[in-house]
Amino acid sequence: MELAAESSTVGVGRDYTHLVQDYRVHGSLYSDPAVFADEMKRIFTDGWVFVGHESEIPDAGDWVARRLGAENVLMARTHDGDISVVANRCAHRGTTLCPQTEGNSRNFRCPYHAWTYDLDGTLLGAPFPKGFQNGKPDVRLDQPGQVGVYRGFVFANQSGTAGPLSEHLGPGGSDLIDRAADMSPTGRLQLNGGWLGQRADSNWKMWPESDNDGYHIIFAHESLTASLLAGSQYEDVILGGEGETASVARDYGGGHVELDFRASYTTELAWLGAPRSKVNAYCDDLEAAYGDDKAKQIMWDGPPHAFVFPNLFLGEMNIARIDPLAPGLTEHFHTPLLVESSDPGINRRVILQSEAAMGPASFFLPEDVVIAERMHRAFDTNPTDEHAWVDLRRGIEREQRSDGQRWSDITDETTSRGFWHHYRHVMSRIGEAAAASPNGSPGNGQG
């Protein structure tokens, strides 16, 4: 495939079809405040966004504080057992209702004037009611237009115009979440291990790029290379050599991508780094729940290393969410993917893995933070530079396609192109006139 020559002129008026080309993107997309404002509207207001997991709020009155694009919100379990998402902001004078990160409450009470709301956002009462017509203001807490749950993962859409959650996830995103949830013998995850957050002076889009980039592992994570254990999924990338790896970079369409390690595993439970004898009860639970064939597949395939657009990272036995705060400021939160099993040893191992992979002294996250911040500084100095392009052409000519998917060598930039091509689709569409392709992908803009 021959790459077509394209104009190097930086688009005027944020022409996203020009700023995101088939094999490169312009650096202003990371640093331009106007681009960030467009993203908050088109992606984080008009689209579906991951908020949290239902296991975080198991009991009535449980709530956690989250961010939904530019809005601070509360995800709560109502007294009826439903899940609500409401603004963490009083409808009266805008005071933050819950300054803590989590809790359990019968209701939400504003500390400023004591306006009180039910857990679903309904106003229960306001002091000195004679000052209000009809004795009570006709208001409630702001709430997203749509809230959807898939396999325990809670998503919200602020505008209410995003269409069904199933269309956003598509077959690719749904399958990735299914594979994560099926790691639990009951099919139910327990994301109650606590979230650890990192604040990075970088643009949010550098995180889906980095989290699903198989090209940088051997170079940016040399400490991992030095301590690599035989049988690890990363051994295939580091020691296999270009074109010799079994792992692939995969684009499912719709912005959902994966570093697919499944074909690289040579032993059962290689992804866990432990033989069956160490977690035998967990394996027995899988077999009892799913039958021998599916349980065997789960034990061999392990969890996905994938990204669900726009802010959910399925980091093997970790779950991460990405919260954009400003063009050059992002919070990256992660928590271990814990399962329901009679074997306490499995979750102990998962927590230790999480500490080694994502913690403040881990193999991956600290190095990725430094690289993201350095990259952002490089583009933040002169965002309109005519030559400030990011090259994403690696592997484009050997990329394979079938059934709405694209894949190539794990060191190729198929995942980054998959993210950016869907980004281009979302950012360049106008109102209701844009329509996705049948498989939920914009067609990826490849000639």
Side-chain angles (χ1 to χ4, degrees), residues 1-11 14-32 35 172 202-221 237-238 240-245 247-260 305-307 309 368 371-372 374-376 378-379 382-402 404-428 437 441-447:
M1 171 181 164
E2 183 178 347
L3 300 179
E6 301 191 52
S7 169
S8 63
T9 303
V10 176
R14 299 186 301 280
D15 177 1
Y16 292 102
T17 61
H18 175 76
L19 296 174
V20 182
Q21 299 178 7
D22 284 352
Y23 59 91
R24 64 178 188 173
V25 300
H26 194 264
S28 61
L29 295 170
Y30 299 108
S31 54
D32 186 344
V35 169
S202 72
N203 186 259
W204 70 275
K205 298 183 293 297
M206 294 171 180
W207 289 96
E209 289 181 319
S210 175
D211 286 340
N212 293 275
D213 179 273
Y215 192 23
H216 78 294
I217 295 174
I218 187 173
F219 310 109
H221 303 300
V237 180
I238 295 171
E242 183 176 6
E244 302 297 325
T245 61
S247 304
V248 298
R250 195 177 298 277
D251 169 19
Y252 292 96
H256 314 313
V257 298
E258 178 184 17
L259 295 183
D260 191 348
H305 184 115
F307 182 77
F309 192 88
D368 286 337
I371 289 174
R374 290 175 178 174
M375 183 177 174
H376 189 86
F379 287 115
N382 188 7
T384 60
D385 187 345
E386 185 84 11
H387 306 287
W389 291 91
V390 175
D391 192 294
L392 299 173
R393 76 183 67 209
R394 177 174 173 79
I396 195 171
E397 294 181 334
R398 60 182 177 185
E399 199 170 74
Q400 301 181 62
R401 318 173 190 190
S402 179
Q405 296 185 24
R406 299 166 185 262
W407 67 92
S408 190
D409 188 89
I410 198 167
T411 63
D412 290 342
E413 288 161 332
T414 297
T415 48
S416 287
R417 288 192 295 272
F419 169 84
W420 279 107
H421 293 160
H422 184 67
Y423 174 95
R424 173 175 60 191
H425 166 67
V426 174
M427 295 295 287
S428 61
S437 63
S441 169
N444 287 355
Q446 299 269 0

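This one's a predicted model, so the numbers in the text were calculated from it and none came from an experiment.
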Nearest atoms (heavy-atom pairs only) where [X] meets [Y]:
| X | Y | answer |
| --- | --- | --- |
| Ser408 | Gly395 | OG-O, 3.9 Å |
| Arg14 | Leu19 | CA-CD1, 4.0 Å |
| Thr17 | Ser428 | CG2-CB, 3.6 Å |
| Leu392 | Ser416 | CD2-CB, 4.0 Å |

Within the 4.5 Å heavy-atom criterion, are [X] and [Y] side-chain neighbours or not?
| X | Y | value |
| --- | --- | --- |
| Arg406 | His421 | no |
| Leu29 | Trp420 | yes |
| His305 | Asn212 | yes |
| Glu399 | Arg417 | yes |
| Ser202 | Tyr30 | no |
| Thr411 | Arg394 | yes |
| Val20 | Tyr423 | yes |

Worksheet entry | side-chain contact (heavy atoms from CB on, under 4.5 Å) evaluation trace for Thr414 with Gln400 | CA-CA 10 Å; Thr414 297; Gln400 301 181 62; over 6 Å; no
When rounded to the nearest 0.5 angstrom, what is the spacing between [atom1] in [X] and [atom2] in [Y]?
| X | Y | atom1 | atom2 | result |
| --- | --- | --- | --- | --- |
| Leu259 | Ser247 | CG | OG | 8.5 Å |
| Thr415 | His256 | OG1 | NE2 | 14.5 Å |
| Arg398 | Asp412 | CZ | CG | 4.0 Å |
| Tyr16 | Gln21 | OH | CD | 15.0 Å |
| Lys205 | His376 | NZ | NE2 | 9.0 Å |

Where does the angle between the aromatic ring planes of [X] and [Y] fall among parallel (under 30°), tilted (30 to 60°) and perpendicular (over 60°)?
| X | Y | answer |
| --- | --- | --- |
| Phe309 | Phe419 | tilted |
| His425 | His422 | tilted |
| Trp389 | His26 | perpendicular |

Worksheet item: Where the side chain of Asp391 meets the backbone of Arg393, is there a donor-acceptor pair that is under 3.5 Å apart?
Response: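 Yes, the answer is positive, given that a donor and an acceptor are paired below the 3.5 Å cut-off.
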Fill in: SB check Asp251 Arg401 (cutoff 4.0 Å)
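Looking at Arg401 together with Asp251, the answer is no, because their closest N to O distance does not fall below 4.0 Å.
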